[in-house]
Structure formats: structure tokens, C-alpha cells
Amino acid sequence: MAWRMTTDGASKTMSETHRYDAALAADIEARWQDYWERHGTYETPNPTGDLADDSGRAARPKKFIMDMFPYPSGAGLHVGHPLGYIATDVYARFQRMSGHNVLHTLGFDAFGLPAEQYAVQTGTHPRVSTEANIRTYRTQLRRLGLGYDTRRSFATIDPDYYRWTQWIFLRVFNAWYDEEAGLARPIDELVELFASGERPTPDGRAWAELSPAERADVLSAHRLAYAADAPVNWCPGLGTVLANEEVTAEGRSERGNFPVFKARLRQWNMRITAYADRLIDDLDTVDWPEAIKIQQRNWIGRSHGARVDFPVADDASVTVFTTRQDTLFGATYLVLAPEHPLVEEVVPAAWPEGTPGEWTGGHATPAEAVAAYRKQAAAKSDVERQAEAKEKTGVFTGVHATNPVNGERIPVFIADYVLLGYGTGAIMAVPAHDSRDFAFARAFGLPMRCVVEPTDGRGTDPATWDGSFTSGEAHLINSSAPGVSLDGLGVAEAKERINAWLGERGAGEGTVTYRLRDWLFSRQRYWGEPFPIVYDEDGVAHALPDTMLPLELPEVDDYSPRTFDPEDADTQPETPLSRNHDWVHVELDLGDGPRKYRRETNTMPNWAGSCWYQLRYLDPFNDRALVDPEIERYWMGPREGMSTGGVDLYVGGAEHAVLHLLYARFWQKVLFDLGHVSSAEPYHKLFNQGMIQAYVYRDSRGFPVPAAEVEEVGDGWVHRGEPVRRELGKIGKSLKNVVSPDEVFASYGADTLRLYEMAMGPLDVSRPWETRAVVGQFRLLQRLWRNVLDETTGEVSVVDDAPDDATLRAMHKAIHGVAQDLEQLRFNTAIAKITELNNHVTKIDRVPRAAAETLVRLIAPLAPHIAEELWSRLGHEGSVVHTSFPVADPAYVTDETVTCVVQVKGKVRARLDVAPDISDTELEELALAAPGVVEALGGAAIRKVIVRAPKLVNVVPG
RNA sequence: GCCGGGUUGGUGGAACCGGUAUACACGGAGGUCUCAAACACCUCUGCCCGUGAGGGCAUGCGGGUUCGAAUCCCGCACCCGGCACCA
């Protein structure tokens, strides 16, 4: 080993040259990053306002290119984080060089739980730790050479920013959804409708007769942001409610692993359900991956069906929701959710005559049975419910209902396979044609009736079936009663017929139901946007006037919510802000003189800031409006013939497929309805980048060992002499496989890292990081460097000779292909084409200047630092960022001759060099004369010849 | 269970409309340069048979359509995401 160290020393002196090594890359990169900053290279003009300039660039076609902004964690970046940022940066640079005015910047999503938890543990104010994290991120992102308009960057925790988050909340609060017009309108217009009597109040009294509190209640039922009792995930151990995504499948908190209980609490909600149809329908206007659109559609869960009323007792009825109203004749019992409120009202004192024993659960009276079943259902965790999903449980209520279509008396059950929160919380059970009803009917010995004729030959007696018949591609049978018959109809026609019949009879109607619930919008946390809401002494909520914004977070001593015994479900949340008496209790003049108020002490969820940030990038310093309308229209205005425009390209992880993207679309639509923005959609084109994974090495006990210490031995891997096994996983501390960008900067530089991440594979698939493969992209840059200058003297070595024909063709083919690939975000193949051209140029002794300059400009979006350096050494003034991307000359994009493949029966038997414009007949002649073809045919007759000039001929012998 | 996406050399991947399968890169082998090594450069590198020319077989598996299939259709296996008693 000793000799190796001395030779290392020797190679040090050797490297005192102009070789492109890590040290030189670092020097070049630092110099150009400083240059860009000094010259505001990436600053983008607006057409008007304080960011307008006289560069003329605002007159060009525009591109707004955006990343999902990061939540800056204390750990800093690893090599997996910047994949999407590099991709948008490359794309933005390409668009800039292609003549666009490009808006590209990055802000920070900075409210949220990690900073607050850190504050609770250390006493550091979340603002202090968050801002330190943001500084670290900014330094690391700058080191990558990402070209942002830094003037437009902000964090969601800046009061100048969340002032407008609060402003939007107030617009939502002060709006209602006009179902007839199909859009949101200011709440004042609803008040006018009530006041004029054009719209009746719920109880029919005149608006003027209602007390202020009564009016507030009426309006609250219409506002798009409203406080209401709702079942939430209450976690006493953490002292806070949790979003669904913060609760594990085991029904415990993701952080701390405490039990989570369902509790009804008064919380703020947003009426996103009013937009369910538009959120589905407008997906047709955006350019998003189909998989994401499907996920959003499924989440919203629109299903078309019918409500049907089943009379019970004398004056009561159960309304069920069904999507198979065509099978109404097959309904043989009803099931209500255990918690259904109607149950108490109608349960009789005693079991009806002849009630089977298995229906009663062994209880003496229906009331007892219902109470016992409810208790048992409530105690079940979600996991138990899931595990038992196959075994249906339930109990008879002692009540019978009447099937409206045939007058049959059918029993009513409660069972936990029916959910209160969906539809009407009640179903009509058609065991012959629904798998769950089938299982339940089998368990309780309930009758089944086949009303849709099976198409699979199983016959029409459900007693002989293994499961229900659910196909909708079949015809109705056994479905006739006086006044209505569905027999012989297809399922679709039967649905229409029964809807009409129900409507005429007043027994129901066709209707639409959604899976989507309103959005729970409040959290018991410190580190979030305060609600700009105060309550008067009657508990009526009032909006603060815009002039009182921003309502800043108060300083507090204790950031943590009050926590409780984790198992004690009978506790109530106490928010951190509520302990701040002087902040909570205020005297304000809201227009009717100074009065005492109590502030709302919940804060907004951390989705709030990310719902609208694209708009603030446009006009970040505007203190009179969220965004200037002219500027907003310039960057995000609708596309031709559509009501939607939006960000031209939005890149981020697929984990936000539903929540963030749905919430942001919802806010955009409210702002659109109220006239604040011109596009009904925020993000026109969405692209999901894949994840960079890394190898995880586990020892014999299954624990991860530090990946950096593992050595490859033969076919296996070894850590400290012990064999370990290898798998792929996320990059992270817990898996001990973190690779920091700093390591790559130190060995190769930022341009190499950028190239490597873009070359690994298509942007939308996940791929494994392999440190040893990074060197390939480094070699590309070294060769490029040597093609332009002499690495011993540092002198530019290109010559002014015109490139030869082969080089010209290689150049223009590369230009053509690279431009196409970059436009389509196919960076890996773009790099392959640049590499091919570079390899071609490497073989030329005297490199023509035109070839070198083409290479430099082709690679400039991908490796901007070395491109700048070479561009300037080639004698150009100014930055390569604002030069134009090369344009391919069609005359050189095709080869002078192409290789034509001649197949016999689909197998290649000869290759011919032919002119690209050769005629079919000429080519066929040549092909049939080719020696390989003659031999393969062996004199056999020719049945057919397929000619696809100039690339292919296929000869089919007879 | 349902819905999406995937499976191509030792490895990451390419083949865009059904028309030369394996571009580009990593790794590997050999060579040139060097006292030597590193770097760099050059050649080879899907598998099998063959000294060779050449031939055969290969895109997860089994069928099909077609003059021709990695690509389209049917069935199956495995992997990765998402949803999950949604009536």
C-alpha cells in the first residue's frame, strides 16, 4: 500500500495542468454562480408593475415552469431530493434559449409539524429553526446551479405571504355556492336574496325577524368555509387532532404511536364537496398523467344512482342510496348503519312474532340488541373491522319496511358493513346481485331473489350459487308489479325506467353521491397560519377586515398543545394559542364600535400555504392585491377556447396526487369564480418524477448497516467481514444509505451530478443511485473540455475550418434529436445524443469551432457552468443562458445513404446502402438481387414482397 | 379484492407510428502510452454452436393476430404504487 501513497503524491504535481478535474469544476462553478447572482441572469420581467423592465423579454411567448416546493427539513438535501429541481431547471434553460420569457423560481413550504416538534423538544422558536433550514437549502440549491429568479422566492411563514393566505380564507368564508349558477358568489349576494324574500329562510320567517345569531347560523350552512361538529381523529397523547394521512393503518398516530379516537369536535371545514363535479369534469382540460386523474376521480368518487324511500311504521320512512335501482324487485331486506339516527325512533318494544333466534343476537328486546350491537361496533378498531370484513355481523331491529315497488314487507337490520358517512347511511340489500349482501344473507338465512338473468349459465336460483351475480351486461327478470315492469330490459334501461317511476310516485329519484367529504381545515397547533376570525359574546364568528391582515402569530412560551393520558378518549384538545390570554381576548371595532371579542385559536393545516403559491410567484411584492390581474393573465391566463390555463409545467412527486393537488385546484376555482384569477385550473401540465432509490444492506438480523462501509466480494456483499444482503429502498438516515450531494460535488462537481441524475433513466420512473456510475458523466465533460481546449496549455484548440460532411450531419442530427428530447422531458436520451456527437468530435484531430460551439450550446441547459466557461473561452461576451439554442438544418438531419434491411420471412438476410429517396420498385429489384436473399430463397417462388422504402424490404416465399 | 404502472445483457437503460432488438453509460477483458501505476486513448463485450465464414436462440411465461411483435390482443406469474365493506 505504501507505494500507492507515493504515486498519489506524484500525480498531484501532474495535475498542475488545465485538466477538467473536481477542483477546476468547483472553481468554474463558484465563479459562474457569482456571475449569475451579480448580473441577475435569471431575473424574469413581468409585463407591468415593479418587476417590469425594458429588456423586451416580456413581449416573448412565456413559460411558467414550477416545482412542488420543498419543506426544508433540518437534515438538508440528499441526492434524491433535487431530481425534479434539476429537471425543471434544464427545461427552463432550454425554453429560455428557445426564445421564451421563462418564470422559474422556488419558495419554501415552512409551516408544519416537524419544526413545531423540534421547538417543543429544544425550546427553539420554530421560526428560528425553520429559517436556518431554509438558508441551508438555499445554499445547497445554489451549489447545484439552479437558475431561479430569487426575487420571487418566499416562504409560507413570511407574514407578507400568509397575509394573503388569510385574505383568501376570508374570501372563501365570505362566499357561498350558488348551485343554480354553478359557481361561488359573495355571501352578501345571498344575504340580499334572503332579505328580499326571493329566497326563503329555512324556517320560513322573514330575514329581518331573525336574530344576528340565527342569521349567522343560516349563513354558516352556505359559507364555503364554516365551523361545524365533525368526527375527527383525536389523539390525546399528542393533544391534537390529526389529518387522516397522519393516522396509521393500525389506528395510531404516525408520530409517537399513540391511540387515535374518533371524536365529534367543532372544527373549521371547507365546502370542497360543492365543487365535486367541476373537480372531476375539469380534469378533461388539463395535461396530467392519466394515473393521477384516475386517482382524483376515485377520491371524489362520483356515483350515479337513486334514492328510494321505504316506508316503515306509519309516518316514518328509510331513504336508501343505491346504484342498482334496477334491482329494486330483488331487495329482500334493508340495512342501516349502526349509528343511523332513525333506529331509536322506530325500534319496537318487543320482537315480532316468529323472529328467528339468530336475528336477535340472543337479546330479549330489539332495543337491547341494538344497544349491544352499537356498543360492540363502536369499540372495534379500523383494523378489526377490516380483518372481519368477510364475516358479516349485524342484528335485526324488529322493524319491517315496505318495498315501494311491490309492497313486500322486508326486515330492517343494522350492520357495520353499512357506513353512516356514505350515501344515506342505509341500503336496500339485493343479495342476489351484491357480494356483501349475499354474504350477509347467507349468514342470517335471508331470502334471495334473482332479478337479473345470469349470463354465465349458473341458472336463476340463488340458493345454488357460490356468490352474487353483479354484471351490468344482462337483462331483468322477475321484475313486474301492477303499474311497472322491467322484465326484458337491459340494466341501463331498467335504471331509467325505475327512476321515472320513482319520480312519478314521489318514492325517490335519480341522484348522484360522492365519496368526497368536506375538508377539515383546522389544527390544534402553534406553527400554522392563525385564522382571521373572532367570536363575539354570543359566539358568532366574524371575519376580520382585510385591513387587519396579516394577523400575526403571537410569541408564546410553550409551543406544545396540552397532552393527556394516551388512552383517555374523553378529553378535549387545548390549543397552544388558547393559553395566550392577552392575544385571545381583544377589543376591536369591526364597524359597529369597539366591542369585546375572542380570537379563534386553531391554526390552518399546512396545506393552506401550498394551495395558491403559484400565484404569488407572479407578483411577490404586491401589497394591494394577491396578484395584479394583468400579470396574472400574462402568466396563467386561459388557453385558447378554454376557461383553464395555468402553470405550463408543474413537476413533483406522485405522493401529492390527491391531497395537495385537489386542495389547490379547489382554491383556484373559488378565486376564479370570485373574479380574482383568470384560469379555472392552477396547473396545466403536471409531471410526476420518480424517486431516486439507493441500495440498503442488511445484516443477518435484518438491520441496515452503513452502505458506505459495504464492500462487494464476488457475487455478494460484505460489511466488516460479515456477509450482508442487498435490496433497494428509499434514501434515508434510518436505512443508512444517505448520499449527500456534497460528496458528489467534492469528487466531480455540480455539472456532473446534474448530468448523472438526468442520464439515469426516464424522469418518471424510480431508479437506483449508483455512485460508481457517476464517473461516466464526468468523462463526458472531460472529453468535451479537451475538445475545446488543450489541457496542458489551457489554450483554446478549435480551428475555424468548416466541419466535414459527416460532422455536419452528426451535428444537425444531434441538434434535432436533443431539441425534441428536451421538449418532451426525455433528458436521458438527450444526453445519449450529446454523448454520441461528443464522441464523434473526439475522433477529429482539429476540432472545428462550429462543432465545439454546437456542443456547448446543446449541453448548456444540462451542464450550465462548464457551458458558460467554454462559451466565454471561445470568445463570446455575456452568458450562454440568453443565447439561442442551435437550430437543425433539415438538409443535414438525414444521412446521405440509409441502411436498408432485407428480410426473408421476417429474418434479416441482407443489408443495402441506398439513397433515402429510392423508389419502391428500384429497391425491390436491388433487394431481390442481393446475394444473401438469393441464397436464403434457394430458388423458391416468391409469394409477396413488402417494400417500405427506404428502410425495409420483406420477401415472403410461396 | 379493486384500480393504476411495470418485467429488455452482469448493471442503469434505448428502440417515439408494428419494420436492423440491446443506442448511451457503468462494469468486465485485451491492447497503446509509461521504468511502473493512474489518467487518457483504441478494440472487444446478449447467450449458445463453430478455428473460421457462418448458423441457431433471445425482450417475465403460455397462446393468438400479422409478411413482420419488446411494441397489438387473450390467459398466467411476479414486482411497485394507490384505494379498500363507498351500496
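Every chain is numbered from 1 and lettered A, B, ... according to where its sequence line falls, protein lines coming before strand lines.
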Provide, to the nearest angstrom, the distance between the [atom1] atom belonging to [X] and the [atom2] atom belonging to [N].
| X | N | atom1 | atom2 | answer |
| --- | --- | --- | --- | --- |
| A:Met691 | B:G82 | CE | P | 9 Å |
| A:Leu755 | B:G12 | CG | C1' | 15 Å |
| A:Asn298 | B:C83 | CG | P | 11 Å |
| A:Leu728 | B:G6 | CG | P | 19 Å |
| A:Asp821 | B:G13 | CG | P | 17 Å |
| A:Lys833 | B:A25 | NZ | C1' | 15 Å |
| A:Glu770 | B:C26 | CD | C1' | 7 Å |
| A:Asn688 | B:G4 | CG | P | 17 Å |

Do the side chain of A:Lys392 and the base of B:C85 come within less than 3.5 angstrom through a donor-acceptor pair of N or O atoms?
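Side chain to base: pair present.
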Is there a donor on the side chain of A:Arg767 or the base of B:G12 sitting less than 3.5 Å from an acceptor on the other?
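Counting by modelled atom types and ignoring angles, no donor-acceptor contact under 3.5 Å is found here.
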Answer yes if the side chains of A:Tyr20 and A:Thr752 hold a donor-acceptor pair under 3.5 Å, and no otherwise.
no
A:Lys293 atom NZ: more than 12 heavy-atom contacts under 6.0 Å:
yes
Heavy-atom count around A:Glu655 CD within 6.0 Å, excluding the residue itself: above 12?
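Yes, the 6.0 Å shell around CD holds more than 12 heavy atoms from other groups.
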Looking at [Y] and [X], is any side-chain nitrogen of the basic one under 4.0 Å from a carboxylate oxygen of the acidic one?
| X | Y | answer |
| --- | --- | --- |
| A:Arg19 | A:Asp21 | no |
| A:Glu290 | A:Arg297 | yes |
| A:Lys833 | A:Asp821 | yes |

Can we call the ring centroids of A:Trp717 and A:Tyr695 under 6.0 Å apart?
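Distance test on ring centres: not under 6.0 Å, no.
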Run the ring-centre check on A:Phe444 versus A:Phe413 and record whether the distance is less than 6.0 Å.
yes
Per [X] side chain, nearest of listed nucleotides [options]:
| X | options | answer |
| --- | --- | --- |
| A:Leu419 | B:A87, B:G82, B:A14 | B:A87 |
| A:Pro762 | B:A87, B:G13, B:G19 | B:G13 |
| A:Thr829 | B:A21, B:A15, B:C57 | B:A15 |

What are the atom names and distances for every N/O pair under 3.5 Å that joins the protein to nucleotides 39-48 of chain B?
from  : atom 1 : to       : atom 2 : distance (Å)
B:C39 : O2'    : A:Arg19  : NH2    : 2.1
B:A40 : O3'    : A:Arg786 : NH2    : 2.9
B:C41 : OP1    : A:Arg783 : NH1    : 3.4
B:C41 : OP1    : A:Arg786 : NH2    : 3.2

Classify the nucleic acid contact of A:Leu952 as base, sugar-phosphate or nothing, counting any heavy atom under 4.0 Å across all strands shown.
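Base: the residue A:Leu952, judged by heavy atoms under 4.0 Å, touches a nucleobase.
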Looking across every strand, which nucleic acid part, if any, lies under 4.0 Å from A:Arg909 by heavy atom: base, sugar-phosphate, or nothing?
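Sugar-phosphate: the residue A:Arg909, judged by heavy atoms under 4.0 Å, touches backbone atoms but no base.
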Within less than 4.0 Å of OP1 or OP2 of [N], is there a side-chain N or O belonging to [X]?
| X | N | value |
| --- | --- | --- |
| A:Asn828 | B:A14 | yes |
| A:Arg515 | B:A84 | yes |
| A:Arg826 | B:A15 | yes |
| A:Lys944 | B:C67 | yes |
| A:Ser303 | B:A87 | yes |

Euclidean distance for C1', B:G10 against B:U45 (whole angstrom):
11 Å
Dot-bracket for RNA chain B, please, read 5' to 3', with Watson-Crick or G-U wobble pairs under 3.5 Å on both distances, ( ) within the strand, [ ] crossing, | other strand, . unpaired.
(((((((..(((......[....)))((((((.......))))))((((....))))..(((((..]....))))))))))))....
Close N or O pairs between protein and nucleotides 71-78 of chain B (under 3.5 Å):
none

